[in-house]
Amino acid sequence: MLEFWKTVHGECPMERRTRIKDALAGQPGAELTVRGWARTVRSGKGVTFIALNDGSCFASLQVVAEPVLANYEELARLGTGSALRVTGALVASPAAGQAVELAAREVEIVGPADESYPLQKKRHSFEYLRTIAHLRPRTNTFGAVFRVRSMLAQAIHRFFAERGFLYVHTPIITANDCEGAGELFRVTTLDMARPPLADGEVDYSGDFFGQATGLTVSGQLEGELCALAFGDIYTFGPTFRAENSNTPRHAAEFWMVEPEMAFADLMDDAALAEEFFRYLCRFVLDNCREDLEFFDSHVEKGLVERIGRLADSAFAMMEYGDAIRELQKATVTFEYPVEWGLDLQTEHERYLTEQVTGGPLFVVNYPREIKAFYMRQNDDGKTVAAMDLLVPKVGEIIGGSQREERLDLITARMGEVGIAPEGLWWYLDSRRWGSCPHAGFGLGFERLIMYLTGMENIRDVIPFPRTPRHAEF
RNA sequence: UCCCCAGUAGCUCAGUCGGUAGAGCAGGCGGCUGUUAACCGCCUUGUCCGUGGUUCGAGUCCGCGCUGGGGAGCCA
């Protein structure tokens with residue numbers, strides 16, 4: 001390929017760049033070329049310092065430019081944000097603050113940035129940075145967030161791969177409108193100005209798929225089908241909810257991890273969730289240390305210690321019924337009533353995980369009336385084998401259950417809640433032949449990132465977030 | 001969707017009792033032998049979110065709208 005390039009262009013492509021992460025770990029004396037963006041430019045009388053960052057790590061490399069450089073005058077007036085190529089020698093830094101710095105021999109201004117560049121070398125509010133989401137990856141905070149996001153995504157695959165779970169790609173376009181997990185975004189090629197009608201309703205029979213379709217709200221049902229073939233599977237992909245939710249914890253487009261295990265019950269499910277969660281805590285401590293230290297000092301004090309405790313300790317578990325009793329004997333007053341049969345409100349969940357256990361807490365075996373049709377009915381006739389993992393600040397981060405594997409019981413339950421079995425014939429077939437106990441859960445990927453970085457708004461852990469009225473970028 | 005709060009210079013914010021605005025940063029000029037979001041001096045910058053009203057006079061008080069944030073619901 002290189003030979004081909006040379007015959008066409010007559011020269012080599014860009015010489016290999018050294019990533020700043022590697023340059024900072026290098027030994028003095030090394031000659032190298034780095035490329036990146038100026039974070040700050042400080043000019044003294046006879047020397048200019050440029051903090052150069054290429055996103056490969058949190059830290060910037062200090063480039064030292066002296067007046068002997070041909071374009072020194074230009075460099076001394078360089079604006080924050082400029083893209084540069086710097087070739088020079090790595091030298092031990094005579095000043096405190098960094099072990100090594102790059103003594104520039106040649107600096108090319110690849111892409112200048114003038115004073116109208118919106119990112120300044122000062123603190124900006126997260127709200128403002130959301131309005132310039134196209135530039136915010138170049139900031140300290142968002143650089144760290146998106147590096148951690150990438151590392152966590154890979155850690156998730158590694159966790160499941162190490163345990164023999166099959167990675168399944170479930171459909172993004174779906175005709176399931178009865179999963180009961182939120183409003184669907186419609187997917188259609190019909191003419192929205194003049195849709196075909198039948199009996200006053202939109203007639204989707206002529207639509208692209210011959211029926212009404214939308215974007216998936218969960219890959220669980222298809223995941224279950226694959227679990228009943230491969231044993232242990234997981235999905236990891238985008239999920240869409242058209243709910244008009246305006247909170248720091250909800251987005252219209254987010255990523256969800258959904259493992260599903262055959263021949264497993266609720267306790268197996270909770271055990272997997274706990275092992276998974278603690279693995280990810282340990283992973284970021286071991287692999288994202290520099291970014292975590294930044295979050296610890298600038299976003300949430302004590303973050304590293306909190307995650308460290310989490311990685312080492314067992315999670316608490318509580319029956320729903322015990323949770324109700326715990327709330328009823330609480331001395332604080334709640335806005336919403338506490339009574340067996342009612343769902344736990346955010347204030348209740350926070351009290352349990354923040355005041356009662358002071359850490360992650362599984363609440364299990366909820367009343368059947370407040371949970372989804374596919375959850376396995378317990379022998380008491382009142383509860384289902386559901387579990388929620390609650391964590392301080394973020395609230396519910398995992399929701400899961402053992403699934404109802406008995407055809408007669410799940411069919412009866414669908415009838416009770418008004419879901420037509422015809423639309424889910426394929427799902428019910430899994431209970432018709434070779435059915436077995438199985439269980440799984442859904443983890444909100446962004447909520448995990450929030451919990452492990454201390455970031456408090458989901459819009460700040462997604463590069464280009466989609467929320468009501470926001471689909472820019 | 002409901003409740004609460006906010007919107008002032010490019011950015012972060014102050015603005016008292018109603019008397020048409022100010023600081024830091026950014027930017028410009030100058031200074032400084034090595035700085036650490038450098039520092040020092042001087043200079044420039046406004047549809048006070050929009051709209052209607054009260055008033056001699058509104059950034060300030062009131063109504064409506066828009067935008068943002070927080071809380072709630074829904075949930076991951």
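Since this is a predicted model, take the numbers as computed values, not measurements.
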Do the side chain of Ser245(A) and the base of C74(B) come within less than 3.5 angstrom through a donor-acceptor pair of N or O atoms? yes
Identify whether the distance between the nearest side-chain nitrogen and carboxylate oxygen of Glu416(A) and Arg413(A) falls below 4.0 Å. yes
C75(B) OP1/OP2 closer than 4.0 Å to side-chain N/O of Arg447(A): no
What about the rings of Phe240(A) and Phe254(A), do their centers lie closer together than 6.0 Å? no
Cation over ring face, Arg306(A) and Tyr451(A), 6.0 Å, 45°: yes
Whole-Å P distance, A21(B) and U44(B): 16 Å
It should be established whether Arg459(A) places a side-chain nitrogen or oxygen under 4.0 Å from OP1 or OP2 of nucleotide G70(B). yes
With a 3.5 angstrom cut-off on both distances, give the Watson-Crick or G-U wobble partner of C2(B), or none if there isn't one. G71(B)
Ranking G68(B), U1(B), A72(B) by distance to the side chain of Thr346(A), first place goes to A72(B)
Between G68(B), A76(B), U12(B), which nucleotide has the shortest distance from any of its atoms to the side chain of Ser125(A)? U12(B)
Report yes if some heavy atom in the side chain of Lys121(A) is under 4.5 Å from a heavy atom in the side chain of Arg39(A); otherwise report no. no
Can you check the Leu129(A) CG to U12(B) P distance for me, whole Å? 8 Å
May I have the distance from Glu335(A) (atom CD) to G73(B) (atom P), rounded to whole angstrom? 8 Å
Could you tell me how far apart Ile458(A) (CD1) and G69(B) (C1') are, to the nearest whole angstrom? 16 Å
At their closest point, which heavy atom of Trp37(A) faces which heavy atom of Arg138(A), and how far apart are they? CD1-NH1, 4.1 Å
With sequence neighbours left out, which residue pairs that include part of residues 247-261 of chain A fulfil the salt bridge (Lys or Arg N to Asp or Glu O under 4.0 Å) condition? Glu260(A)-Arg403(A)
Sugar-phosphate, base or nothing in reach of Asn246(A), heavy atoms under 4.0 Å: base
Sequence-distant partners of Tyr72(A), ring-ring contact (aromatic ring centres under 6.0 Å, His included), two or more places apart: none
Spacing between Leu78(A) atom CG and G28(B) atom P, to the nearest angstrom: 11 Å
Summarise protein proximity over nucleotides 3-8 of chain B in one line of letters, 5' to 3': B for base, S for sugar-phosphate only, - for none, counting protein heavy atoms closer than 4.0 Å. ------
Base versus backbone protein contacts along nucleotides 30-42 of chain B [heavy-atom cut-off under 4.0 Å; B, S, -]: --BSBBBBB----
When rounded to the nearest Å, what value does the distance between P atoms of G70(B) and C13(B) take? 14 Å
Below 4.0 angstrom, N of the basic side chain to O of the carboxylate: do Glu73(A) and Arg77(A) qualify? no
If the P atom of G71(B) is compared with that of G18(B), how far apart are they to the nearest Å? 33 Å
Any strand is fair game: report the nucleotide pairing with A58(B) by Watson-Crick or G-U wobble, both distances under 3.5 Å, or none. none
Who does C17(B) pair with, Watson-Crick or G-U, both distances under 3.5 Å? none
Paired to G46(B) by Watson-Crick or G-U wobble criteria (both distances under 3.5 Å) is none
P atoms of G41(B) and U51(B), separation to the nearest Å: 40 Å
Classify Pro118(A) by what it touches in the nucleic acid, base, sugar-phosphate, or nothing, heavy-atom distance under 4.0 Å. nothing
Between Met256(A) and Arg469(A), which residue's closest nucleotide on RNA chain B lies nearer the 5′ terminus? Arg469(A)
Which is true for Ile398(A) with a 4.0 Å heavy-atom rule: it touches a base, it touches only sugar-phosphate, or it touches nothing? sugar-phosphate
Classify His470(A) by what it touches in the nucleic acid, base, sugar-phosphate, or nothing, heavy-atom distance under 4.0 Å. sugar-phosphate
By nearest atom, which of the nucleotides A72(B), G71(B), C74(B) is closest to the Tyr336(A) side chain? A72(B)
Roughly how many Å is it from CD in Glu115(A) to P in G10(B), rounded to a whole number? 13 Å
Determine the Euclidean distance between corresponding C1' atoms of G73(B) and C61(B); express it in Å to zero decimal places. 34 Å
Nearest-Å distance, CD (Gln220(A)) to P (C75(B))? 14 Å
Answer with base, sugar-phosphate or nothing: what part of the nucleic acid does Arg350(A) contact at a heavy-atom distance below 4.0 Å? nothing
How long is the line joining CD of Glu127(A) and C1' of C13(B), in whole Å? 14 Å
If you check every side-chain atom of Glu396(A), which of G69(B), G27(B), A76(B) has the closest atom? A76(B)
Looking only at atom C1', what distance separates A6(B) and A38(B), rounded to whole Å? 34 Å
Could you list the donor-acceptor pairs under 3.5 angstrom formed between side-chain atoms of residues 331-346 of chain A and any protein atom two or more places apart in sequence or on another chain?
none

Taking pairing as Watson-Crick or G-U wobble with both contacts under 3.5 Å, can you name the mate of C39(B), or confirm there isn't one? G31(B)
Electrostatic pair Arg163(A)-Asp232(A), nearest N-O below 4.0 angstrom: no
Taking only the P atom of each, what is the distance from U60(B) to G7(B) in whole angstrom? 11 Å
Residues Glu183(A), Arg241(A): salt bridge by 4.0 Å N-O rule: no
Could you measure between the two P atoms, the one in C43(B) and the one in U47(B), and give it in whole Å? 22 Å
Round to a whole Å and report the spacing from NE2 of His250(A) to P of C75(B). 8 Å
Checking base pairs now: Watson-Crick or wobble, both atom distances under 3.5 Å. What partners C25(B)? G10(B)
Which sits closer to the 5' end of RNA chain B, Phe254(A) or Gln345(A), going by the nucleotide each is nearest to? Gln345(A)
Counting only Watson-Crick or G-U wobble pairs whose two distances fall under 3.5 Å, which nucleotide matches U51(B)? G63(B)
From the options Leu215(A), Val217(A), Leu221(A), Thr216(A), select the one residue that forms a side chain to side chain contact (heavy atoms under 4.5 Å, CB included) with Thr174(A). Thr216(A)
Summary of salt bridge (Lys or Arg N to Asp or Glu O under 4.0 Å) pairs that have at least one residue in residues 141-153 of chain A, sequence neighbours excluded: Arg147(A)-Asp291(A), Arg149(A)-Glu446(A)
Name the nucleic acid region contacted by Ala251(A), choosing base, sugar-phosphate or nothing; use a 4.0 angstrom heavy-atom cut-off, strictly under. base
Base, sugar-phosphate, or nothing for Thr247(A), non-hydrogen atoms under 4.0 angstrom? base
Just call it for Arg39(A): base, sugar-phosphate, or nothing, with non-hydrogen atoms closer than 4.0 Å on any strand. nothing
